[in-house]
Amino acid sequence: MKIILLCFLLFITGCSSPEENTNQIVDTNDDHEFISKTEFPVDNYTVFQGFAEANPGFDYKYHCADDVFASAGTPVKSMADGTVSYSGSMGGYGWLITIDHEEDSVYSLYGHLSTKRGKVSTGEKVKSGLVIAYVADDDEDGSGPIDGSGQYIYWTPHLHFSVRKGKISDFPSGEDDRWMAGYTRLHPTKFGWLNPLEYINSKK
Ligand SMILES: [Zn+2]
């Protein structure tokens with residue numbers, strides 16, 4: 001009986017050992033140097049408003065991100081290893097998370113996240129592919145109710161995803177250069193924003 005119990009315990013602990021879940025890190029070298037990979041923040045990365053598109057709904061300002069179709073509750077993953085530099089509510093974003101990726105000298109930004117679902121906290125270290133939050137429902141994505149009717153049909157649930165050179169503390173201003181800018185009056189590459197789709201494909 002003791003042996004059976006021990007086997008059972010080994011089976012249980014074996015199933016939940018962290019080694020079995022670390023598919024985020026790829027050991028590619030013989031000298032066991034660990035190389036982190038960069039990946040898309042959601043499965044089925046389908047862009048419906050791309051980087052640097054001028055949006056008539058925002059006074060024809062340029063979009064600093066890719067807007068990606070994702071239903072409410074879709075898990076959102078860190079694109080690479082890094083440190084959560086902001087996790088909190090932020091105006092029209094609903095819940096917003098940024099991650100500084102020190103190794104690559106860029107940061108990533110994830111907007112319209114769910115407030116009521118689980119999410120990482122500011123200061124946490126994260127690995128590439130770790131679920132950091134979930135896409136928001138219509139009533140928590142920052143759009144607000146339209147015309148006071150209580151209806152939240154302003155925009156469809158989606159992820160607003162940006163990549164930028166530097167770290168958020170490099171951009172303290174409240175102007176076009178601000179760290180959480182969603183749209184800019186000048187082309188976003190002037191402020192160090194990168195095309196997220198091209199950036200991730202270039203790192204693969
Ligand atoms: Zn957007």
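Being a predicted model, the structure only gives us computed values, none of them experimental.
Here the CD-OH distance, from E39 to Y45, works out to 12.5 Å after rounding to the nearest 0.5 Å. Interatomic distance, OG of S114 versus CG of D139, reported as 9.0 Å (0.5 Å rounding). Going from atom CG of D67 over to atom CD of E53 covers 9.0 Å, rounded to the nearest 0.5 Å. Note that CG of D66 and CG of L159 are 9.0 Å apart. Values are rounded to the nearest 0.5 Å. Summarising the geometry, atom OG1 belonging to T83 is positioned 11.0 Å from atom CD1 belonging to I168; distances are rounded to the nearest 0.5 Å. For the atom pair CG of D100 and NZ of K125, the computed distance is 9.5 Å after rounding to the nearest 0.5 Å.
In this pair, Y107 and W193 present their aromatic rings perpendicular. The plane angle is above 60°, beyond the 30 to 60° band.
F191 and M90 fall within a single hydrophobic cluster, where Ile, Leu, Val, Met, Phe, Trp and Tyr are joined by side-chain heavy atoms under 4.5 Å apart, directly or via other members. Taken together through direct or relayed side-chain contacts under 4.5 Å among Ile, Leu, Val, Met, Phe, Trp and Tyr, V84 and V135 form part of one hydrophobic cluster. If you chain together hydrophobic residues whose side chains sit under 4.5 Å apart, F161 and L194 fall into the same group. Both Y199 and V126 belong to a single network of hydrophobic side chains, linked directly or stepwise wherever heavy atoms of I, L, V, M, F, W or Y lie under 4.5 Å apart. Hydrophobic cluster membership differs between V76 and Y93, with clusters built from Ile, Leu, Val, Met, Phe, Trp and Tyr side chains linked at under 4.5 angstrom.
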Please test T98 against S85 for side-chain hydrogen bond (donor to acceptor under 3.5 Å, both in side chains), starting from the C-alpha separation and ending with a verdict.
CA-CA 6 Å; T98 60; S85 42; 2.8 Å; yes

Just do the side-chain contact (heavy atoms from CB on, under 4.5 Å) check on M79 and Y110 with the steps written out, would you?
CA-CA 10 Å; M79 73 158 194; Y110 312 77; 3.7 Å; yes

Begin from the C-alpha positions of T38 and H101 and carry the test side-chain contact (heavy atoms from CB on, under 4.5 Å) through to its verdict.
CA-CA 10 Å; T38 305; H101 306 285; over 6 Å; no

What verdict does the salt bridge (charged side-chain N to carboxylate O under 4.0 Å, His left out) test give for D104 and K203, after you've listed the backbone C-alpha separation in whole Å, the side-chain angles of each residue and the deciding distance to 0.1 Å?
CA-CA 10 Å; D104 298 317; K203 301 285 284 184; 3.1 Å; yes

side-chain contact (heavy atoms from CB on, under 4.5 Å) between E124 and L130, worked out
CA-CA 12 Å; E124 276 189 52; L130 183 88; 5.5 Å; no

Please evaluate residues V68 and H112 with respect to the criterion side-chain contact (heavy atoms from CB on, under 4.5 Å), reporting the C-alpha separation (whole Å), side-chain torsions for both, the decisive distance (0.1 Å), and the verdict.
CA-CA 11 Å; V68 183; H112 310 309; over 6 Å; no

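I200 has its side chain within reach of P41: a pair of non-hydrogen atoms, C-beta onward, lies under 4.5 Å apart.
F48 pairs with exactly one of H158, H160, H63 by the ring pair (Phe, Tyr, Trp, His ring centres under 6.0 Å) rule, that one being H158.
Listed for the N195 side chain is a donor-acceptor partner under 3.5 Å among the backbone atoms of L197. A donor-acceptor pair under 3.5 Å is formed between the side chain of S128 and the backbone N or O of K37. Not a single donor-acceptor pair under 3.5 Å links the side chain of S162 to the backbone N or O of L109. Between the E140 side chain and the T115 main chain, a donor and an acceptor come within less than 3.5 Å of each other. A donor-acceptor pair under 3.5 Å is formed between the side chain of S87 and the backbone N or O of V120.
Residues forming a side-chain hydrogen bond (donor to acceptor under 3.5 Å, both in side chains) with K77 (at least two apart in sequence, or on another chain): D43. Under the ring pair (Phe, Tyr, Trp, His ring centres under 6.0 Å) criterion, F51 pairs with no residue at all, not counting sequence neighbours.
A salt bridge does not link K190 with D176: every distance from a Lys NZ or Arg NE/NH1/NH2 to an Asp or Glu carboxylate oxygen is 4.0 Å or more. A salt bridge does not link D170 to R164: none of the charged side-chain nitrogens sits closer than 4.0 Å to a carboxylate oxygen.
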Output side-chain donor-acceptor pairs under 3.5 Å for residues 179-188, partner residues at least two apart or in another chain, one line each.
{"residue": "Y183", "atom": "OH", "partner": "Q49", "partner atom": "NE2", "Å": "3.2"}
{"residue": "Y183", "atom": "OH", "partner": "N55", "partner atom": "ND2", "Å": "3.1"}
{"residue": "T184", "atom": "OG1", "partner": "L186", "partner atom": "O", "Å": "2.8"}
{"residue": "H187", "atom": "ND1", "partner": "T189", "partner atom": "N", "Å": "3.3"}
{"residue": "H187", "atom": "ND1", "partner": "T189", "partner atom": "OG1", "Å": "2.7"}

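Annotation for K61: atom NZ counts as buried by contact number, over 12 foreign heavy atoms lying within 6.0 Å.
Closest heavy-atom contact between P56 and A54: CD-O, 3.5 Å. Residues I99 and I97 come closest through the heavy atom pair CG1-CG2, 4.0 Å. Closest of all the heavy-atom pairs between S78 and A80 is OG-O, 2.6 Å. Of all heavy-atom pairs between L113 and A133, the closest is CD1-CB, 3.8 Å.
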